[in-house]
2 protein chains.
Amino acid sequence: MDNKIKRLKEKGIVLTIQRMAVLDMLHNCSNHPTVEEIHKKLLKKYPTLSLATVYNTLEMLKQAGEIQELNIGKEKRFESLLESHHHFYCLVCERIIDLEIACPTFKAGEIDGHKIESMQAIFYGTCADCREKGKDNA
Amino acid sequence: MDNKIKRLKEKGIVLTIQRMAVLDMLHNCSNHPTVEEIHKKLLKKYPTLSLATVYNTLEMLKQAGEIQELNIGKEKRFESLLESHHHFYCLVCERIIDLEIACPTFKAGEIDGHKIESMQAIFYGTCADCREKGKDNA
DNA sequence: ATTTCTGGTTATAATGTTTATTAGGTTAGA
DNA sequence: TCTAACCTAATAAACATTATAACCAGAAAT
């Protein structure tokens with residue numbers, strides 16, 4: 001927890017209350033909230049927090065490598081970056097589920113001469129819960 | 001080429017000039033154009049083509065499984081669906097490069113009980129050209 | 001051939017997300 | 001304390017996308 005702060009300070013990033021709030025919220029969050037959801041939730045504790053600040057902070061934390069941005073639906077979603085993992089998007093219930101799988105191409109660090117720095121894989125289909133309930137998409 | 005038409009007709013989709021134009025354009029297109037780019041290019045040949053029609057047509061073709069939507073930058077991008085492949089996004093020159101790799105998880109068709117219908121993997125990094133030119137992002 | 005109906009296209013308005021701007025406030029260092 | 005740099009808040013603006021309504025074309029039926 002404090003190594004996050006240390007890392008950011010080393011990058012010359014000023015740690016304001018607003019930034020810490022966003023970072024903490026994402027860290028204690030198991031789902032993948034949109035910007036609007038993050039803002040709405042933090043407003044309860046910090047009623048003056050501006051939406052623009054949330055956007056700025058998320059962009060900065062992303063640049064600093066502390067959080068990850070997901071391009072799944074129309075709205076961008078964010079999550080704290082723990083370790084490399086991927087996502088399953090259920091076409092039925094629209095949930096996003098974390099997947100603990102490894103990609104051999106990513107591990108190689110390179111493909112066709114292109115240097116890989118990060119990757120993001122999204123699987124689409126019907127999640128186990130929806131299959132059980134017979135809501136199969138087929 | 002005519003099997004595309006046949007497939008769409010079998011799905012009960014009316015093949016208008018506008019829809020054919022979008023489909024043909026994507027088929028003869030090696031890059032991954034945005035909606036705006038598709039519209040602008042087709043306007044040269046069909047000056048009255050509406051942007052809304054392009055949106056509608058792309059959505060329909062996507063539903064019909066004839067084209068694929070990419071969520072890479074801010075704007076959605078589209079490409080004709082040839083075979084399953086993935087993408088490399090160069091953080092330096094912002095190009096999108098097709099990758100001919102296979103994902104073992106996708107091949108399995110299932111992960112953690114979730115049924116996989118499609119997937120999309122995006123690798124981020126520095127492409128071979130930019131590495132050669134010394135524009136490495138590091 | 002004319003009418004009617006269905007569905008597509010166009011043009012435009014509306015929505016919603018994201019970015020830019022500006023003014024004011026806060027922090028860190030001299 | 002003073003200053004400079006930076007952050008925040010509020011608002012406006014830009015941009016992509018969707019919804020709406022009027023118009024039009026082609027097919028089916030009379």
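Numbers restart at 1 for each chain; the letters A, B, ... are given by sequence-line order, proteins then strands.
Closest of all the heavy-atom pairs between B:Phe106 and A:Phe123 is N-CE2, 4.1 Å. Of all the heavy atoms in B:Cys127 and B:Cys90, the pair that sits closest is N-SG, 3.4 Å. For the pair A:Cys103 and A:His86, the tightest heavy-atom approach, listed with the atom from each and the gap, is CB-NE2, 4.4 Å. The minimum heavy-atom distance between A:His39 and A:Ser50, with the atom names listed, is NE2-C, 3.7 Å. Nearest heavy-atom pair across B:Ile96 and B:Ile72 is CD1-CD1, 3.9 Å. Counting all heavy atoms, side chain and backbone alike, B:Leu58 lies closest to B:Ile67 at O-CD1, 3.4 Å.
Cluster annotation: A:Tyr55 and A:Leu61 are assigned to the same hydrophobic cluster (Ile/Leu/Val/Met/Phe/Trp/Tyr, side-chain heavy-atom contacts under 4.5 Å, transitive).
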Side chain to side chain contact (heavy atoms under 4.5 Å, CB included) assessment of A:Glu66 paired with A:Leu26: CA-CA 10 Å; A:Glu66 290 293 324; A:Leu26 281 179; over 6 Å; no
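Summary of the strand contacts: B:Thr16 and A:Val14 both lie near DNA chain C, and taking for each the nucleotide with the nearest heavy atom, the more 5' one is attributed to B:Thr16. Between A:Ala52 and A:Glu75, the one whose closest nucleotide on DNA chain C sits nearer the 5' end is A:Glu75.
DNA chain C lies under 4.0 Å from no heavy atom of any residue of residues 55-65 of chain B. Residues from residues 39-50 of chain B with heavy atoms under 4.0 angstrom of DNA chain C, sorted by number: B:Thr48, B:Leu49, B:Ser50.
Applying the 6.0 Å contact sphere to NZ of B:Lys40 captures no more than 12 heavy atoms from other residues, nucleotides or ligands.
At least one side-chain heavy atom of B:Arg19 sits under 4.5 Å from a side-chain heavy atom of B:Val14.
The footprint of chain A on DNA chain D, defined by a heavy-atom cutoff below 4.0 Å, extends from D:dC7 to D:dA10. Think of the region where chain A sits on DNA chain C: with heavy atoms and a 4.0 Å cut, that region ends 5' and 3' at C:dT17 to C:dA20.
The salt bridge (Lys or Arg N to Asp or Glu O under 4.0 Å) check on A:Glu59 picks up A:Lys62, with sequence neighbours excluded.
Each salt bridge (charged side-chain N to carboxylate O under 4.0 Å, His left out) pair with one or both residues in residues 90-99 of chain B, not counting sequence neighbours, appears once here: B:Arg95-B:Asp129.
Only one option out of B:Gln68, B:Gln120, B:Glu100, B:Glu79 pairs with B:His85 in a side-chain hydrogen bond (donor to acceptor under 3.5 Å, both in side chains); it is B:Glu79.
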